[in-house]
Engineer: 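Here's a structure for you.
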Amino acid sequence: NAGVTQTPKFQVLKTGQSMTLQCAQDMNHNSMYWYRQDPGMGLRLIYYSASEGTTDKGEVPNGYNVSRLNKREFSLRLESAAPSQTSVYFCASREIMAGTQYFGPGTRLLVL
Amino acid sequence: AQSVTQPDIHITVSEGASLELRCNYSYGATPYLFWYVQSPGQGLQLLLKYFSGDTLVQGIKGFEAEFKRSQSSFNLRKPSVHWSDAAEYFCAVEPGGSYIPTFGRGTSLIVHP
């Protein structure tokens, strides 16, 4: 039981490049989330997916797109990376009524 | 919209001393409340949560938190801190039924030997 896994762990991009961050969970959770964490800012929600087939914008969606590929997988895409997207990205999953979010180990992204 | 405030950016305590981390929220009704811990280079892990009922909640690693409706607070406490408790602590508030928590900016706990 791996919980929530994220790939890659680290990535360096040049401005304008694109990339996809992958997230998968093996807990059969309905809901999945993408956050970014910046120093002194806590966690800010980028997108979430309440269930397979649905996605909604969070607090800071600009510059990102998501895909809920199936119940297990929820990917985050940066179409044209900008230095402002340098951050640590966390994926989380949750069984709705239980309340607890389970977080992946994070992806550290540097955009030059 | 709800908001959550963690007034202390950093807290330093000596090993064996007691600890209290503050969390205040703004929301019209009683929300769901959470405390998470993040060790360096790791993701977040749930310490405890409050949905309803007994306002004193016990969590993992010897932590507890008390919900005080009159003060809109959900402070985290531990009677005796261990060096391994050094980490970042996040309070989160969630309107019941939204399934979208809002996180505070975090409090960094430093433990001196």
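By convention in this document, chain letters (A, B, ...) are assigned in the order of the sequence lines, proteins followed by strands, and residues within each chain are numbered from 1. These figures come from a predicted structure and were not determined experimentally.
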Engineer: Please classify the contact between A:L45 and chain B as side chain, backbone, both or neither, with a heavy-atom cut-off of under 4.5 Å.
Structural biologist: side chain

Engineer: Got a sec, which residues hit ring pair (Phe, Tyr, Trp, His ring centres under 6.0 Å) with A:Y33, two or more places apart in sequence or on another chain?
Structural biologist: none

Engineer: Quick one: CZ on A:F90 to CG on B:L44, what's the gap to the nearest 0.5 Å?
Structural biologist: 6.5 Å

Engineer: Hey, quick one: are A:V4 and A:W34 part of the same hydrophobic cluster, counting side-chain heavy atoms closer than 4.5 Å, chains of contacts allowed?
Structural biologist: no

Engineer: Can you tell me how far apart CG (A:L43) and OG1 (B:T102) are? Round to the nearest 0.5 Å.
Structural biologist: 11.0 Å

Engineer: Would one find more than 12 heavy atoms of other residues, nucleotides or ligands at under 6.0 Å from atom CD1 of B:I60?
Structural biologist: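 Counting other residues, nucleotides and ligands, CD1 of B:I60 exceeds 12 neighbours.
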
Engineer: Test ring-ring contact (aromatic ring centres under 6.0 Å, His included) on A:F103 and B:Y36; report intermediate values, then the result.
Structural biologist: CA-CA 10 Å; A:F103 286 82; B:Y36 286 86; 5.7 Å; yes

Engineer: A:T100 versus chain B, heavy atoms under 4.5 Å apart: side chain, backbone, both or neither?
Structural biologist: both

Engineer: Establish whether A:V60 and B:V4 are linked, either directly or via other cluster members, by ILVMFWY side-chain heavy-atom contacts under 4.5 Å.
Structural biologist: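 Different clusters.
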
Engineer: Non-hydrogen atoms of chain A under 4.5 Å away: do they reach the side chain of B:Q38, the backbone, both or neither?
Structural biologist: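 For B:Q38, the contact with chain A is made by the side chain alone.
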
Engineer: Of all heavy-atom pairs between A:Y35 and B:P101, which one has the smallest distance, and what is that distance?
Structural biologist: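 Closest approach of A:Y35 to B:P101, heavy atoms only: OH-CG, 3.7 Å.
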
Engineer: Could you state whether A:L21 and A:Y48 fall into the same hydrophobic cluster, counting links through intermediate Ile, Leu, Val, Met, Phe, Trp or Tyr residues with side-chain heavy atoms under 4.5 angstrom apart?
Structural biologist: no

Engineer: With only heavy atoms counted, which part of B:E88 is less than 4.5 Å from chain A, the side chain, the backbone, both or neither?
Structural biologist: neither

Engineer: What part of A:R44 gets within 4.5 angstrom of chain B, counting heavy atoms only: side chain, backbone, both, or neither?
Structural biologist: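 Contact with chain B: none, neither part.
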
Engineer: Is B:F90 close to chain A through its backbone or its side chain, or both, or neither, when contacts mean heavy atoms under 4.5 Å?
Structural biologist: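 Contact with chain A involves the side chain of B:F90 alone.
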
Engineer: In terms of hydrophobic clusters joined by side-chain contacts under 4.5 Å, are B:Y27 and B:F103 together?
Structural biologist: no

Engineer: Before giving the answer on side-chain contact (heavy atoms from CB on, under 4.5 Å), spell out for A:Q101 and B:L46 the whole-Å C-alpha distance, their side-chain angles and the decisive distance to 0.1 Å.
Structural biologist: CA-CA 7 Å; A:Q101 286 182 304; B:L46 182 75; over 6 Å; no

Engineer: Going by the rule ring pair (Phe, Tyr, Trp, His ring centres under 6.0 Å), which residues pair with A:Y102 if we only count those two or more places apart in sequence or in a different chain?
Structural biologist: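 For A:Y102 the ring pair (Phe, Tyr, Trp, His ring centres under 6.0 Å) partners, ignoring immediate neighbours, are A:H29.
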
Engineer: Side-chain contact test, heavy atoms from C-beta onward, threshold under 4.5 Å: evaluate it for A:P39 versus B:R105 and give yes or no.
Structural biologist: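 No - every pair of side-chain heavy atoms lies 4.5 Å or more apart.
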
Engineer: Any link between B:V81 and B:L76 through a network of hydrophobic side chains (Ile, Leu, Val, Met, Phe, Trp, Tyr) touching at under 4.5 Å?
Structural biologist: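 Same cluster.
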
